[in-house]
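To start, the structure under review is shown below, and the notes come after it.
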Amino acid sequence: MKALLSLFFCLLLCVESRADLAADIQAIVDAEMASKSVAGAVVGVWSGGQPVTVFARGFSDIGGNVPMELTDHFRIASITKTFTTTRILQLEEAGLLSLSDPIGNYVPGLVNSTATLRQLGNMTAGFFDYSKDPAFVAEVEADPLRVWSPSELVARANALGPKFSPGSAWDYSNTHTVLLQMVIERVTGNSLAEEYQSAFATPLSLSQTSYPATADLPDPHAIGYNVDAATGQQTPAPNYNPSIFGGAGGIVSTLEDVRVWIEAVGRGDLVSAQSRSEQLDMIATGQGFDYGFGVLKFGDWIGHNGSFPPGYTSMALHDPVNDQTIVVLANSWFPDGYHFPDEVAVEIIPLLVPEPSTYALLAIAAAGFAVFLFRRYGRAK
């Protein structure tokens with residue numbers, strides 16, 4: 001019995017030492033924000049469906065001295081790709097397309113017309129990323145509010161020629177997901193915004209998630225900032241029309257809606273078992289994560305990050321093995337490539353790993369201790 005008591009109190013102390021987990025996570029965020037001059041962020045960590053910590057830091061509007069709020073809207077950038085690719089999987093289940101279809105069946109005149117929808121989703125199709133073309137960037141900067149059609153974006157990439165033959169390499173390209181957007185709109189006859197609403201926003205009650213037609217963000221929202229890594233200077237970013245990224249990065253959402261979404265994706269709630277297998281058929285990228293059909297995988301964590309230059313960065317991850325979730329949305333973008341949500345998530349993840357085993361052992365010890373107390377004292381009455 002002494003051994004059982006020792007184990008119980010030892011584990012109790014372990015859990016008490018983990019009671020400051022929320023403070024540890026907040027300290028990570030505070031330190032990283034201070035060291036990099038991040039304007040503002042909202043952060044949420046959940047375990048077993050319950051919040052470990054959910055908080056806002058910094059400002060949504062520095063000039064107006066407006067503090068960040070949990071309900072603020074952000075451009076979630078490439079987390080949008082998880083919406084577009086999930087819809088493609090659902091349409092395959094409905095018999096409207098096949099992942100083995102060549103993209104040339106849907107969009108004529110492409111340099112890599114034999115690339116399959118599967119290769120577009122897993123980033124092995126070989127199209128140049130139009131958003132990295134200096135000429136395109138210059139045109140966007142000259143007219144930030146211009147509306148770009150998906151076909152215009154693809155034409156920019158197509159004019160650059162193939163980057164590599166389909167299936168021969170892996171390269172992250174917004175062009176791939178914009179092409180999938182064009183497929184969705186062709187086979188359904190609906191706009192991408194309509195498809196997002198009917199397939200995802202309505203069923204999951206994502207009332208604060210939208211694919212906007214203009215550059216305006218819903219209120220309340222966080223103003224985006226460009227941050228000079230060398231000086232820490234925070235400059236309000238131009239408000240670009242989200243059509244520059246389309247189905248690759250145009251969605252606007254909030255912390256809570258992103259949590260609901262990424263948990264549904266991470267658990268596989270939105271697709272069949274066969275589609276789930278396609279979604280999680282991972283390719284080693286050599287960049288510290290694997291990439292499937294529109295989702296990245298880091299250990300047991302499934303999700304996506306995002307960068308909407310200028311102004312916004314994001315990360316959303318769910319670990320279905322241990323039922324844990326991390327969402328970080330920031331209104332700061334760094335031209336030097338620094339990505340605040342990525343850095344914070346990587347620091348938070350190791351803190352979460354011991355939790356399930358600690359609580360499981362504590363439950364066993366507590367149960368044993370309760371049995372002892374009943375046997376020792378229950379019969380005295």
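In this structure the side chain of Thr188 reaches within 4.5 angstrom of the side chain of Leu91, judged on heavy atoms. At least one side-chain heavy atom of Glu32 sits under 4.5 Å from a side-chain heavy atom of Glu347. In this structure, the side chains of Asp72 and Glu69 come closer than 4.5 Å at one or more pairs of heavy atoms. In this structure, Leu179 and Leu117 have side chains that are not in contact, with every pair of non-hydrogen atoms separated by 4.5 Å or more. Side chains of Phe245 and Phe308 form a contact here, defined as non-hydrogen atoms less than 4.5 Å apart. Contact annotation: the side chain of Thr116 never approaches that of Asp101 to less than 4.5 Å [non-hydrogen atoms, C-beta and beyond]. Between Leu192 and Phe83 there is no side-chain heavy-atom pair separated by less than 4.5 Å. Using a 4.5 Å cut-off on side-chain heavy atoms (C-beta onward), Leu296 and Trp301 make no contact.
Taking every heavy atom of both residues into account, Pro150 and Met182 meet most closely at CB-CG, 3.6 Å. Ala248 approaches Val178 most closely through the heavy-atom pair CB-CG2, 4.2 Å. Pairing each heavy atom of Val42 with each of Ala56, the nearest pair is CG1-CB, 3.9 Å. Heavy-atom minimum distance, Ser100 versus Arg118: OG-NH1, 3.4 Å. For Tyr130 against Ile244, the heavy-atom pair with the smallest separation is OH-O, 2.6 Å. The two residues Val107 and Arg186 make their nearest non-hydrogen contact at N-NH1, 4.4 Å.
Between the side chain of Asp323 and the backbone N or O of Pro320, no donor-acceptor pair lies under 3.5 Å. Judged purely by atom type and a 3.5 angstrom limit, Glu194 uses its side chain to pair as donor or acceptor with the backbone of Ser191. A distance-only check finds no donor-acceptor pair linking the side chain of Gln119 to the backbone of Thr124 [under 3.5 Å]. In this structure a side-chain-to-backbone donor-acceptor pair under 3.5 Å is missing from Tyr106 to Val183. With hydrogens and angles disregarded, no donor-acceptor distance shorter than 3.5 Å links the side chain of Ser168 to the backbone of Phe164. No side-chain donor-acceptor contact under 3.5 Å links Tyr211 to the backbone of Glu195. Side chain of His318 to backbone of Gln324: a donor-acceptor contact under 3.5 angstrom is found. One N or O on the side chain of Thr80 and one on the backbone of Ile251 form a donor-acceptor pair closer than 3.5 Å. Judged by distance alone, the side chain of Gln234 and the main-chain N or O of Ser37 form a donor-acceptor pair under 3.5 Å. Put simply, the side chain of Asp257 gets close to the backbone of Thr209: a donor and an acceptor are under 3.5 Å apart.
Summarising the geometry, atom CD belonging to Glu185 is positioned 11.5 Å from atom CG belonging to Leu180; distances are rounded to the nearest 0.5 Å. Rounding to the nearest 0.5 Å places CD1 of Ile302 at 8.0 Å from CG of Asp319. The OG atom of Ser47 sits 8.5 Å away from atom CG of Leu21, with the distance rounded to the nearest 0.5 Å. Residue Asp290 holds its CG atom at 12.0 Å from CG of Asn122, rounded to the nearest 0.5 Å. The line from CE of Met315 to CD1 of Ile326 is 8.5 Å long, rounded to the nearest 0.5 Å. Note: Leu270 CG to Glu93 CD = 9.5 Å, rounded to the nearest 0.5 Å.
Relative orientation of the Tyr172 and Trp170 rings is tilted, given thresholds of 30° and 60° on the angle between their planes. Using a 30° and 60° split on the angle between ring planes, Phe289 and Tyr291 fall in the perpendicular class, above 60°.
Atom CD of Gln274 has 12 or fewer neighbouring heavy atoms from other residues, nucleotides or ligands inside a 6.0 Å radius.
A side-chain donor from one of Thr84 and Tyr196 sits under 3.5 Å from a side-chain acceptor of the other. Donor-acceptor pairing under 3.5 Å is lacking for the side chains of Gln279 and Thr85. Judged by distance alone, the side chains of Asn112 and Lys163 never bring a donor and an acceptor atom under 3.5 Å apart. For the 3.5 Å distance criterion, the side chains of Ser151 and Ser149 qualify, holding a donor opposite an acceptor.
Looking at Leu329, Val258, Val327, Val328 one by one, the single match for side chain to side chain contact (heavy atoms under 4.5 Å, CB included) with Ser314 turns out to be Leu329.
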Could you walk me through whether Glu139 and Arg156 pass salt bridge (Lys or Arg N to Asp or Glu O under 4.0 Å), step by step?
-> CA-CA 12 Å; Glu139 288 189 42; Arg156 303 302 296 247; 2.8 Å; yes
Report the C-alpha separation of Phe200 and Trp261 in whole Å, then their side-chain angles, then the decisive distance to 0.1 Å, and conclude whether the ring-ring contact (aromatic ring centres under 6.0 Å, His included) test is met.
-> CA-CA 8 Å; Phe200 306 131; Trp261 169 255; 4.8 Å; yes
Residue pair Ser131, Asp129: steps toward the side-chain hydrogen bond (donor to acceptor under 3.5 Å, both in side chains) verdict = CA-CA 5 Å; Ser131 65; Asp129 187 346; 2.6 Å; yes
Tell me, with the steps shown, if Leu352 and Asn322 meet side-chain contact (heavy atoms from CB on, under 4.5 Å).
-> CA-CA 9 Å; Leu352 302 178; Asn322 297 301; over 6 Å; no
Can you list the steps and then say if Ile88 with Leu97 is a side-chain contact (heavy atoms from CB on, under 4.5 Å)?
-> CA-CA 8 Å; Ile88 287 285; Leu97 55 83; 4.1 Å; yes
Dump the intermediate steps for side-chain contact (heavy atoms from CB on, under 4.5 Å) on Ser275 and Gln90, then the final yes or no.
-> CA-CA 8 Å; Ser275 293; Gln90 292 178 338; over 6 Å; no
Go through the steps for Lys132 and Asn174 under the test side-chain hydrogen bond (donor to acceptor under 3.5 Å, both in side chains), then give the verdict.
-> CA-CA 9 Å; Lys132 295 178 182 176; Asn174 287 312; over 6 Å; no
Would you check, one step at a time, whether the test side-chain contact (heavy atoms from CB on, under 4.5 Å) holds for Thr175 with Phe128?
-> CA-CA 7 Å; Thr175 306; Phe128 271 98; 5.7 Å; no
Apply ring-ring contact (aromatic ring centres under 6.0 Å, His included) to the pair Phe136 and Trp148, showing each step before the final yes or no.
-> CA-CA 11 Å; Phe136 172 76; Trp148 293 79; 4.9 Å; yes
Could you check Gln208 against Ser253 for side-chain hydrogen bond (donor to acceptor under 3.5 Å, both in side chains), going step by step and ending with a plain yes or no?
-> CA-CA 6 Å; Gln208 302 304 311; Ser253 191; over 6 Å; no
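A salt bridge links Glu263 to Arg267: one of the charged nitrogens lies within less than 4.0 Å of a carboxylate oxygen. Salt-bridge annotation for Glu152 and Arg146: present, with a side-chain N of the basic residue lying under 4.0 Å from a carboxylate O of the acidic one.
In this structure, Lys36 is not positioned above the aromatic face of Phe340 in the sense of NZ or CZ being under 6.0 Å from the six-membered ring centre and within 45° of the axis.
Sorted by first and then second residue, the pairs that involve residues 52-66 and meet side chain to side chain donor-acceptor pair (under 3.5 Å), not counting sequence neighbours, are Gln26-Thr53, Gln26-Arg57, Asp30-Arg57.
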